[in-house]
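Order of listing sets the numbers, starting from 1, for every ligand and every atom in it.
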Amino acid sequence: MAFVAVEGIDGSGKSTVIQLLAKLLPKVYVTKEPSDGPVGRLIKEWALKGGSVDPHVDALLFAADRIEHYKREVEPKIREGYLVISERYVESSIAYQGAAGVPIDFIKYINKLVPRPDLTVILDVDPEVAEARIRRRGHVEKYEYVQFLRRVREIYLTRAAEEGHPVVDASRSPEEVAADVAEIIHRSVIEPRGRQSLG
Ligand SMILES: Nc1ncnc2c1ncn2[C@@H]1O[C@H](COP(=O)(O)OP(=O)(O)OP(=O)(O)O)[C@@H](O)[C@H]1O
Ligand SMILES: [Mg+2]
């Protein structure tokens, strides 16, 4: 039916909000990156565990996983009529690998093989708030990582302004954030399609 990407820094509440969206909207299929496919597993078990020493390698792996994930899982589910919601997509690569020093034009180029989502929503929150949430989960991020997330957030917001992606204030309760995102999805994806099929 359609394809929506939910983006935002670590701890912005993507997983939490997507779980709520699946209850608020009809026929939702939830998925995430890195995927459960072979390249996604390599990213989770190796690159994200400190194995990769070059952000260009990460950018290439994430792009490869994205292509594989899109063809194997996302596209078939869209065809089956689902509203596919992916936690992270191209904007994550631009924001994270961009913040790590990879030229954005290079990241865009290697991601040309996957289509743009029908909608990309950015969950925006201060990295300190996000870090406090993650800490409650028992995991403490290094100071440098919080500084890194500041750069990631800046890129997300700059790109959102350029590309017209809606930015949602994710410092509020999960229910408030999810209600806003559901409304945006309704207005910009579900309703226009309903009109098409009627007309
Ligand atoms: N709006 C919120 N207010 C307070 N706490 C929240 C909110 N949203 C999520 N949390 C809590 O913050 C933590 C991180 O949330 P979540 O896992 O949904 O974030 P995420 O963006 O998916 O993170 P990651 O990038 O690591 O996947 C969880 O413990 C969750 O319960
Ligand atoms: Mg998550």
Indicate yes or no: does [X] engage [Y] in a salt bridge with an N to O separation below 4.0 Å.
X: Glu131; Y: Lys142; value: no
X: Lys49; Y: Glu45; value: no
X: Asp10; Y: Arg88; value: yes
X: Glu91; Y: Arg159; value: yes
X: Lys27; Y: Glu80; value: no

Identify the closest protein heavy atom to [atom]: which residue and atom is it, and at what distance?
atom: atom 17 (O) of ligand 1; result: Arg137 NH1, 3.0 Å
atom: atom 3 (N) of ligand 1; result: Arg133 NH2, 3.5 Å
atom: atom 30 (C) of ligand 1; result: Thr16 OG1, 3.7 Å
atom: atom 1 (N) of ligand 1; result: Arg172 O, 2.7 Å
atom: atom 25 (O) of ligand 1; result: Lys14 NZ, 2.7 Å
atom: atom 27 (O) of ligand 1; result: Glu87 OE2, 3.0 Å
atom: atom 19 (O) of ligand 1; result: Gly13 N, 3.2 Å
atom: atom 23 (O) of ligand 1; result: Gly11 N, 3.1 Å

### Query
With a cut-off of 4.0 Å, which atoms of ligand 1 are near a heavy atom of Arg88?
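Near Arg88, meaning under 4.0 Å from one of its heavy atoms, ligand 1 has 25 (O).
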
### Message
Polar contacts were defined as any N/O atom of the residue lying under 3.5 Å from an N/O atom of the ligand; does this apply to Pro174 and ligand 1?
### Response
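Yes, there is a polar N/O contact under 3.5 Å.
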
### Query
Between Val177 and ligand 1, is there a nitrogen or oxygen pair with a distance under 3.5 Å?
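No - when backbone and side-chain N and O of Val177 are compared with those of ligand 1, no distance drops under 3.5 Å.
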
#### Entry: Crowding at CG, Asp36 (>12 non-hydrogen neighbours, <6.0 Å)
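At most 12 heavy atoms, drawn from other residues, nucleotides or ligands, come within 6.0 Å of this atom.
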
### Message
Within a 6.0 Å radius of atom OH on Tyr145, are there more than 12 heavy atoms belonging to other residues, nucleotides or ligands?
### Response
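Above 12, so yes.
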
### Query
From Glu87, does some N, O or S atom reach closer than 2.8 Å to the Mg ion (ligand 2)?
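A backbone or side-chain N, O or S atom of Glu87 is under 2.8 Å from the Mg ion (ligand 2).
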
### Query
Counting backbone and side-chain atoms alike, does Thr16 have an N/O/S atom under 2.8 Å from the Mg ion (ligand 2)?
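Thr16 does not place any N, O or S atom closer than 2.8 Å to the Mg ion (ligand 2).
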
### Query
Can you say whether the rings of Tyr70 and Tyr89 are parallel (under 30°), tilted (30 to 60°) or perpendicular (over 60°)?
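Tilted: the ring planes of Tyr70 and Tyr89 meet at 30° to 60°.
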
### Message
Looking only at side-chain N and O atoms, does Arg151 offer a donor or acceptor that is under 3.5 Å from a partner on Tyr96?
### Response
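Not at all, the side chains of Tyr96 and Arg151 share no donor-acceptor pair under 3.5 Å.
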
### Task
Verify whether one side chain among Glu7 and Ser92 offers a donor that lies under 3.5 Å from an acceptor in the other.
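Short answer, yes.
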
### Query
Under a 4.0 Å heavy-atom limit, does Ser173 contact ligand 1 with its side chain, its backbone, both, or neither?
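For Ser173, the contact with ligand 1 is made by the backbone alone.
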
### Query
Asp10: heavy atom below 4.0 Å from ligand 1, yes or no?
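Yes.
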
